[in-house]
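Note that the structure is predicted; figures quoted are calculated from it, not measured.
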Amino acid sequence: MKVSYNELHGLCRKAFQAMGFEDGDAGDAADMVAWMQLYELEGLAALNRGLRFLLEDTDERPPEIVYADGDLAVLDSHGHSVLKSSSLALELGFAKARARGLAVIKIQHCHNRQRIMGYLARLAGRGMNVTAFWRNAQDVDEAVGCPMIEQVVGFRANSSVPEIRVYAVREVPEENEPNDGITLVMANHVDLLPSLRSDYDVDLLACHEESKLLACRQRAMQEGIEVDDELWSRLKALSTRLLVEATEDSRSGAGAGSTDND
Amino acid sequence: MSRKEYGVRLSSTEQRLRLRAPDDVMQLERLGSLHASRLSFVRSLMRQMARQRWRITTTRFELDAHGHGVAIYCLQTPNKRYHGVIFSQALEDAARSDRVIAEAWDVTFGVVEGDVDDALLEQMAANVPLQEAGRQHPRILVLSRANRSLRNFSSFLDALSAGHQPQPEWLTNVGYLYRTTAVYGNGKFGIADYDRLKDNADFHRPFSAQMLAVYLLRHFSIQQIEHMASARAPETAVPLATSLRRYLGIGNSTGLGMAPFLINHPQLVQRWMESRELALAEVTAQVPREQERAQLLALLQRAETHLRQTITDDHEQALRNQETVASLPELRVWLEVVPLGPELWQELIDWSRQQHGLEAQELVNTLLLELYPDIVDRYEDSMAVTEGLELTPDMPLVHLKQVIETHYDWALRFDFTQGENRHWFWYRSVEKEEPRLGERDKEAGADKEMKLAIAPRVADTHAAISQYLEENPQALVVEFLIHCPRHKDIVRRIQTMSSTSFGEIRANLWARDMKPMHLLRTKLSFFGASRFDPKSDRWVRITLFQGAPLVEELNAEPDDLLAFDDWSFPLEPQINREPVMGITETSQQESPQAMGGMS
Amino acid sequence: MDDALLEQMAANVPLQEAGRQHPRLLVLSRANRSLRNFASFLEALSSGQQPDPEWLTRVGYLYRTTAVYGNGKFGIADYDRLKDNADFHRPFSAQMLGVYLLRHFSIQQIEHMARARAPETAAPLATSLKRYLGIGNSTGLGMAPFLINHPQLVQRWVESRELALAEVTAQVPGEQERSRLLALLKRAETHLRQTVTDDHEQTLRNQATVASLPELMTWLELVPLSPELWQELIDWSHQQHGLEAQELVNTLLLELYPSIVDRYEDLMAVEESLELTPDMPLVHLKQVIETHYDWALRVDFSLAENRHWFWYRSVEKEEPRLGVRDTEAGADKEMKLAIAPRDADTHAAISQYLEDHPRALVVEFLIQCPRHKDIVRRIQSMASTSFGEIRANLWARDMKPMHLLRTKLSFFGASRFDPKSDRWVRITLFQGAPLVEELNAEPQDPVAFDDWSFPLAPQIARTVLPEMTADPRQGNTTTVGGMS
């Protein structure tokens, strides 16, 4: 079915609130999912895949600063989804980059890393050049031959859309530890857009350019945003957890009379 | 007539100095005393339509004798074509409810961008009558529904069928044939996002598409009743007199559903209020001449009569109306005899503030805005804003503390441990997510509270910040938030809104003595509502477009745009009530100058 | 000064009010010694030691004046004569000069007496202590009638300060102003810590002010220098701090911009006169009262607590005093200092008259009810100004006369407010001010010369060895209000 952006954002926000997200986090998470869906980057499909994880994640520990100096910080996200835990880590990077010109933030142990893009867009909107880099979390299984995938997302300052590169690295280096983190570079004055080295042996899996993404947005505004009916119902069901049962008291709490005829 | 030659232009500093204090302007009770003004959305829409020569034509009018069927209106603007599609159906009296929880209505309708082909009409016929329960097309800009005023409907039908004009006082009692119960825009139930309208030259102003929908319904209500009268008695039926058509508006019934919008869109509220206050500041600097004095005297007289004719069963509102009316005669004597000093308008406002009730004060402000269209109307284009609350993570935390103490001092004044200051909680019911108020200590659901009350959240965050600063006096905001992430949302709001003056409604929405009615009236006054008629402390009936120019007057391409625009505080028309059969033609001789006409 | 005049003065000046003073006298005054300071200073200096600076922190003078008369009192020159005097046209400037000369005298006198007592050992007073020495003043209710009876002068004084402050808040701060304000805050904080008073309430007020300054200074160190910073500071202070701290912030902001602020010192004088506008429509006057004297109409004067006090002049030297209306005699001879009840009374009379004569003129009303002429004249003259009327009910039981005294004293330049009761206060003038010899040396840097507000107790090497007293003038001058 087709839905509007506001509808999608509103429902996601309520669903996240129902999952126990704080108000601010629920709004941010809804931004991130709806933002990806708006640019046809499959935010909802990813949410669908990660929904069970989110529902089962009852760990309340907030992300914790492991190390920080003037222009570098390492945070441990305790295995939370970036939807829940990344915004303040990014804000910390933003603060450092504003003070120092350039900042590097490493978020360790986080899930659903794709989803971070929506919040990066927000920082870019505030005049920051941002690039995020991560390698896929599925452990590289040499036996199956699954390639190691790297993803780079770069926003130019004040641009609403990023340049995205996703590629497979054929030559996996020797000491390839499992990597469930994400590395961000923010620069106050310098562009950090990804462009692939031509002389390196990679398979480009996806390349989203700014213009292409803007066209997606245009389409979504004209025709609505396609969502999966089943997921929509799941989110609706989740969001009703926020609603209060109707009683006679509560009906009078609305303040209207029983008959409105005049 | 141009007023351009003598408008006093202010420097931005002087304008700022003349602004009223936010602590005064944003008091909930004052906001709940606002009147519709020339910056209200219905007024700006009518001006825009006349200025740009919009045309409204009937493209389909297929109603049976009971008025049931489909009507389609075409709206042609200089930029685009739109269609209003109205479905009218039979409704059991028992099912007629204005609550959002209703499931069927007398009419349902939508405004569509572009043309309506058979496929779209079919899709709409299947879904628009279902409203929230249907799946709406993304080219629909506005979705709405309305119920008949049974009493007016049958008396109007009887009168017109019998060749009489209805009694004007019927419309003074209840100013409409239909009242809407919700007018949806902005992406609800699959219709177009507001984002899509932002670049639309016709409807970029907030709620202007919704107001157009209501205006089309008003036109339909006139056409429908005339159609039904002539269907019932083709021999005797007469059309509705023009003065009565103008005096006929559209009703609206509203409850707490308006409140979350005002709290969740502080940047929009800021724009609306600031535009009004900036315009007022400019107006107060104008040097009045005899012409403005005379015009203000006439407006005061009209508003006084309008308020005398405003009927409500609500005791408190009736008292407020009486109080306002009582303060006007002395004010007019004063205005007649004072010399025209350059600070006269400022004196008037200051005097009113000291001496009169809030509704009278805001009435004076509203009428002053009427005097200077060239100054005021420019602000109708500053009513929209791209919203976004943003964090400033690198702000020193002690700076944030200062910002809270300086700009949210009103929120820190309450003691939230007192029962009376934490009496209510806001929640959404499972019944169509209707917002409701519950008593914290008596009713279930406080665990699912909607966080509409900003004041307690600010106070809570302020306390947490003060505590954190004791150990970390030089900390940054982001460091505090990493430590206590649950404050992120409110910190973001504070940081964004503190650079503005008029975004936050300065009230504790938990307080026992908080009056939700004031929240409703705040928004309704910006819509352009008149005839406030509270049905309880959280439910109100109002009238939109009463006195507004008719579709045929618009289509006639009026030359005098100022006169066309002069329809505030409409008065009951004088009608020759002699129902002599043979001369029904003359019964339409109305006195149009009584209809809010001034010039 | 010829001998004849000196002789006339010697015969009359010591009699003060009881004498008949010469019309060339501009100022007439008298002072009493601080017995304790006088004795200890004399003791110390005679024995070649410097007095303990703490003595001056506790009582900042050797002499305190009890009255400084100007403006034609007891035969001396009228203020009118000074209006065109290029030296003393500013209000009270001749009086202040009188006090400054007394301060110089008090230093010369004590040094003279020490030398006379012990020519061998006596040391002159260290410069830093000379600067830290002011002149005391004791004042009671006598200040109050002036403030009420000269609304146009009060208007000028307060308006000038407010206009200057408004200009200052519009300045965009630079790092230089930030660090100067930080230094001033620090100095004022120390000054207030050093301010000693037995009055409980004033002590609490000083403590509250001192307590609010550290956070304010941290804030000032960290915030970015935005164009609205001073306004933010004032607004914040208004919401969060006590009244004395708020006004301290304003006062220190004024210090930052001498070139803006000092221009207003020439606006402090005014030609006073209250005039009637007889042809004003009476409904207009009613509006004017309701708009500009709303504060007076808010009080319910039928309540006992709102008509508690009355003001009168005692037969004893015409001293103004306060009496309790229902228990003390003299209410029939009340001085009409309380403006609010008079406004309310006149407003009621006007409202009643308007009921029958909605279009009457002011003069018609006054012919009918002439007793309102005086207050109508005042209202009509003052309504076009903002800062002339003190917005208080001077009858009210909880009215604090001390505030009236402080209002006037703060414009004089008093520091070290030390209330001795709720209607009697000791203060110090010229503490920290440059000395006569510094003035005579024609200072090069007028800004530094001028920087002596909120003076601090000087640090003095107190273990004075006799051979080191040879040049006791080497006091630590930079700690006395020195900033640069």
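Heavy-atom pairs under 4.5 Å with chain A were tallied for B/L391, B/V478, B/N152; the largest tally goes to B/L391. The residue among B/S429, B/G257, B/G445 with the most heavy atom pairs within less than 4.5 Å of chain A is B/S429. When A/M1, A/E223, A/K2, A/Q222 are compared by the number of non-hydrogen pairs under 4.5 Å with chain B, A/Q222 comes out ahead. Between chain A and the residues B/R436, B/E443, B/R493, the largest count of heavy-atom pairs under 4.5 Å involves B/R436. Of all the listed residues (B/T181, B/I191, B/L476, B/I482), the one sharing the greatest number of non-hydrogen pairs under 4.5 Å with chain A is B/I482.
Heavy atoms of B/A444 lying under 4.5 Å from chain A belong exclusively to its backbone. If you measure heavy-atom distances from B/L389 to chain A, the contacts under 4.5 Å come from the backbone alone. Looking at B/Y176, only its side chain comes within 4.5 Å of chain A, counting heavy atoms on both sides. Looking at A/A246, both its backbone and its side chain come within 4.5 Å of chain B, counting heavy atoms on both sides. With a 4.5 Å cut-off on non-hydrogen atoms, A/L75 touches chain B through its side chain but not through its backbone. Only the side chain of A/K14 comes within contact range of chain B, judged by heavy atoms closer than 4.5 Å. Heavy atoms of A/L92 lying under 4.5 Å from chain B belong to its backbone as well as its side chain. With a 4.5 Å cut-off on non-hydrogen atoms, A/E64 does not touch chain B at all. Interface residue B/R135: only side-chain heavy atoms are found under 4.5 Å from chain A.
Atom CD of B/E390 sits in a crowded spot, with more than 12 heavy atoms from other residues, nucleotides or ligands closer than 6.0 Å. Other residues, nucleotides and ligands contribute more than 12 heavy atoms inside 6.0 Å of the CD atom of B/E387. Counting non-hydrogen atoms of other residues, nucleotides and ligands closer than 6.0 Å to NE2 of B/H265 gives a total above 12. Heavy-atom contacts from other residues, nucleotides or ligands closer than 6.0 Å to CG of B/D447 number more than 12. Summarising the local packing, CD of A/E230 is surrounded by 12 or fewer heavy atoms from other residues, nucleotides or ligands at distances under 6.0 Å.
You'll find the side chain of B/R428 stays beyond 4.5 Å of the side chain of A/V244, heavy atoms only. A/M221 places a side-chain heavy atom less than 4.5 Å from the side chain of B/D193. By the 4.5 Å heavy-atom criterion applied to side chains, B/V430 and A/E245 are counted as neighbours. Taking the side chain as every heavy atom from C-beta outward, A/K96 and B/P393 never approach each other to under 4.5 Å. The side-chain heavy atoms of B/E431 and A/R251, taken from C-beta on, include a pair separated by under 4.5 Å.
Using a 4.0 Å cut-off between charged side-chain N and carboxylate O, B/K488 and A/E91 make no salt bridge. Salt-bridge formation is not detected for the pair B/K188/A/E7: no Lys NZ or Arg NE/NH1/NH2 atom is positioned less than 4.0 Å from an Asp or Glu carboxylate oxygen. A salt bridge does not link A/D23 to B/R486: none of the charged nitrogens lies less than 4.0 Å from a carboxylate oxygen. Between B/R492 and A/D28 a salt bridge is recorded (basic side-chain N to carboxylate O distance below 4.0 Å).
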Given the rule in the side-chain contact (heavy atoms from CB on, under 4.5 Å) test, do A/S4 and B/F189 qualify, once you have shown the distances and angles that lead to the verdict? CA-CA 8 Å; A/S4 74; B/F189 321 112; over 6 Å; no
With side-chain contact (heavy atoms from CB on, under 4.5 Å) as the test, would you mind laying out the steps for A/D249 and B/E439 before giving the verdict? CA-CA 10 Å; A/D249 270 358; B/E439 281 188 53; over 6 Å; no
Given side-chain contact (heavy atoms from CB on, under 4.5 Å), test B/D489 with A/D25 step by step and report yes or no. CA-CA 8 Å; B/D489 195 40; A/D25 289 333; over 6 Å; no
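Of all heavy-atom pairs spanning B/P485 and A/L88, the tightest one is CB-CD1, 3.7 Å.
Taken to the nearest 0.5 Å, the CG atom of A/L243 stands 10.0 Å off from the CE atom of B/M450.
In this structure, B/K448 contributes its side chain and A/L242 its backbone to no donor-acceptor pair below 3.5 Å.
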